[in-house]
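As structure tokens, the structure follows; a few thoughts come after it.
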Number of protein chains: 2
Amino acid sequence: MATGRTHRPATRSRGIPEATVARLPLYLRALTALSERSVPTVSSEELATAAGVNSAKLRKDFSYLGSYGTRGVGYDVEYLVYQISRELGLTQDWPVVIVGIGNLGAALANYGGFASRGFRVAALIDADPAMAGKPVAGIPVQHTDELEKIIEDNGVSIGVIATPAGAAQQVCDRLVAAGITSILNFAPTVLSVPDGVDVRKVDLSIELQILAFHEQRKAGEESTGHEEGAGAVPQAPVAPHRTTAGGPGADSGRQGPDGDVPAVMPA
Amino acid sequence: MATGRTHRPATRSRGIPEATVARLPLYLRALTALSERSVPTVSSEELATAAGVNSAKLRKDFSYLGSYGTRGVGYDVEYLVYQISRELGLTQDWPVVIVGIGNLGAALANYGGFASRGFRVAALIDADPAMAGKPVAGIPVQHTDELEKIIEDNGVSIGVIATPAGAAQQVCDRLVAAGITSILNFAPTVLSVPDGVDVRKVDLSIELQILAFHEQRKAGEESTGHEEGAGAVPQAPVAPHRTTAGGPGADSGRQGPDGDVPAVMPA
DNA sequence: CCATGTGAACGGTTTCACAGCC
DNA sequence: GGCTGTGAAACCGTTCACATGG
């Protein structure tokens with residue numbers, strides 16, 4: 001009974017840990033900023049601060065890429081920018097299609113961060129015939145009927161789904177069938193894809209819910225605080241970017257150990 | 001350096017692991033769907049499939065909340081919906097302000113997922129005087145000058161930043177000074193906030209870059225051999241949905257700085 | 001000396017496998 | 001029998017601390 005064990009660690013090719021990969025774009029941006037200011041070198045400490053991580057982690061991350069630094073000195077900015085870009089595959093051009101040109105899709109199409117990082121919006125696709133031909137961010141929207149052709153003609157391998165939840169899986173299936181192997185999903189749905197296809201999801205409401213969880217906890221912790229937050233520290237200088245105070249402290253105060261709570265049962 | 005971290009005693013008895021918290025919204029969504037279809041109970045296996053995780057993980061996650069299931073049967077859908085909602089703090093109403101009403105801000109304002117989860121857009125704020133008064137998603141945009149007043153009057157504790165990178169830290173400082181203690185940041189900047197303030201970041205460009213990394217890897221792999229089956233498995237029906245390979249695990253957006261977001265604003 | 005690079009310790013997360021209960 | 005709940009093991013990621021080498 002294949003326990004679905006066929007999955008490989010995703011981080012297969014014995015190489016860079018997934019967690020490190022996820023931080024490379026972060027370092028890259030900090031480095032790009034330094035590069036623009038013509039800063040020649042940075043220490044792990046400085047770069048870490050700029051990227052919002054700690055220096056030990058940064059050095060460990062870089063150690064997976066190779067020994068690109070100079071002991072006693074630091075890292076050469078330009079060199080690192082190149083190395084990381086190459087590692088991420090950003091030295092090549094990635095055509096991307098965005099499906100679902102609603103508010104979000106339009107925002108994404110207008111997003112400048114794409115082009116500046118090796119991504120190129122090859123096409124905007126929407127199911128609404130009325131949208132066809134209308135230019136969004138300077139690119140004419142095409143109808144869903146053209147999806148397969150667009151992907152083939154442009155050799156697109158990355159697709160962005162910004163459709164309503166109901167259409168997401170269907171769009172996903174077509175994208176995959178057409179040859180897409182990486183998908184960025186903004187629709188609040190779990191997409192089913194065959195092995196070999198990568199899916200990353202961005203869910204706005206989930207992020208808010210996680211914040212709400214911590215917010216609730218803070219409130220409960222502050223006794224019966226009424227006017228909380230009145231004394232927020234102004235924070236002028238770039239203080240230790242310890243954004244989230246060491247994560248959720250997990251006080252024990254809330255909720256009894258055993259089932260409590262009014263049992264709201266299904267009617 | 002100032003090691004003055006406000007380290008909490010660490011997870012004691014009732015502390016729910018961060019990784020679990022991050023998945024609760026996922027379960028909640030799947031459960032809500034089941035609830036709407038009037039499904040009375042689900043097994044961990046079914047629910048896990050619907051949420052895109054494996055059942056062992058799901059059961060472990062639920063075990064942190066309490067013993068809400070029935071052995072040999074499964075979980076009562078309605079009851080679980082309630083329990084998770086309560087745990088996440090969604091049984092109360094969370095007023096939210098969105099700052100920066102460009103393309104993205106407008107998209108967020110129009111996003112239905114907020115309202116359906118206990119979040120209420122209390123106000124839309126933008127620095128452009130020309131925007132003032134204009135309704136977006138039925139809510140009139142207010143000028144930044146009103147920021148502090150709006151937050152106080154509405155008792156807002158969660159803020160969403162969708163401004164250009166350059167304005168983000170400044171807006172953040174004002175939000176925090178006004179009493180905001182949780183921030184969802186879409187701007188590509190590392191925000192500095194005082195202890196006690198939670199920041200989560202959503203970054204579009206980073207997600208794409210991570211996809212590019214894996215995409216590049218797939219391409220390179222194919223030339224050396226096909227044994228890895230880079231191609232999609234010919235599975236028409238819903239295959240094992242491993243939604244996100246290495247996806248935004250536990251901390252997709254936790255204070256991790258960096259991001260390149262669509263901050264489309266009045267330049 | 002200085003800051004990198006890294007083995008080793010540590011802590012959190014996932015998976016396993018089975019005991020417990022319906 | 002079926003499925004939950006959970007110790008224990010395996011795994012992964014982070015942090016520590018120091019050897020290494022410019």
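Chain letters run A, B, ... following the sequence lines, proteins first, then strands; residues in each count from 1.
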**Report entry** Distance in angstrom units between L24(A) CG and dG13(D) P, rounded
**Finding:** 13 Å
Query - side chain to side chain contact (heavy atoms under 4.5 Å, CB included) between V53(A) and R23(A), worked out - result: CA-CA 9 Å; V53(A) 303; R23(A) 281 188 294 267; 4.1 Å; yes
Query - R23(A) CZ to dG13(D) C1', straight-line distance once rounded to whole Å - result: 8 Å
Query - Interatomic distance where CD belongs to E18(B) and P belongs to dT14(D) [whole Å] - result: 14 Å
Requested in this report: Verify the distance criterion only: is there a donor paired with an acceptor across the side chains of R117(B) and S205(A) at less than 3.5 Å?
Outcome: no
Query raised in the report: What distance separates L191(A) CG from T189(A) OG1, expressed to the nearest 0.5 Å?
Result: 6.0 Å
Query - Point-to-point distance, once rounded to the nearest 0.5 Å, from CG of L34(A) to CD of E78(A) - result: 10.0 Å
Query raised in the report: Going by atom types only, do R59(A) and S44(A) share a side-chain donor-acceptor pair under 3.5 Å?
Result: yes
Query raised in the report: Quick one: I16(B) CD1 to dT6(D) P, roughly how many Å, whole number?
Result: 14 Å
Requested in this report: Find the distance K57(B):NZ to dC12(D):P and express it as a whole number of Å.
Outcome: 12 Å
Query - Contact under 4.0 Å: S44(B) side-chain N or O vs dT4(D) OP1/OP2 - result: yes
**Report entry** Test applied, ring pair (Phe, Tyr, Trp, His ring centres under 6.0 Å); reference residue, Y68(B); option that passes from Y79(B), Y75(B), F62(B)
**Finding:** Y79(B)
Query raised in the report: Phosphate oxygens OP1/OP2 of dT14(C): is one of them under 4.0 Å from a side-chain N or O of N54(B)?
Result: no
Report task. With rounding to the nearest 0.5 Å, note down the distance linking CG in L211(A) to CD in E207(A). Result -> 7.5 Å
Show me the protein contacts with nucleotides 7-9 of chain D, counting only N or O atoms at under 3.5 Å.
residue: dG7(D); atom: N7; partner: K60(B); partner atom: NZ; Å: 3.2

Short N/O separations, protein against nucleotides 17-22 of chain D, under 3.5 angstrom:
residue: dT20(D); atom: O2; partner: R71(A); partner atom: NH1; Å: 2.2

Report summary line: F62(A) atom CZ is separated from dT6(C) atom P, nearest whole Å, by 14 Å
Report task. Could you check how far CG of L58(A) sits from P of dG13(D), rounded to whole Å? Result -> 17 Å
Requested in this report: Report yes if some heavy atom in the side chain of R200(A) is under 4.5 Å from a heavy atom in the side chain of N185(A); otherwise report no.
Outcome: no
Requested in this report: Begin from the C-alpha positions of D173(B) and V193(B) and carry the test side chain to side chain contact (heavy atoms under 4.5 Å, CB included) through to its verdict.
Outcome: CA-CA 7 Å; D173(B) 290 344; V193(B) 296; over 6 Å; no
Query - Gap between atoms OH and C1', on Y68(A) and dT6(C) respectively (whole Å) - result: 17 Å
Query raised in the report: Should Y75(B) be listed as having a side-chain N or O under 4.0 Å from OP1 or OP2 of dG5(D)?
Result: yes
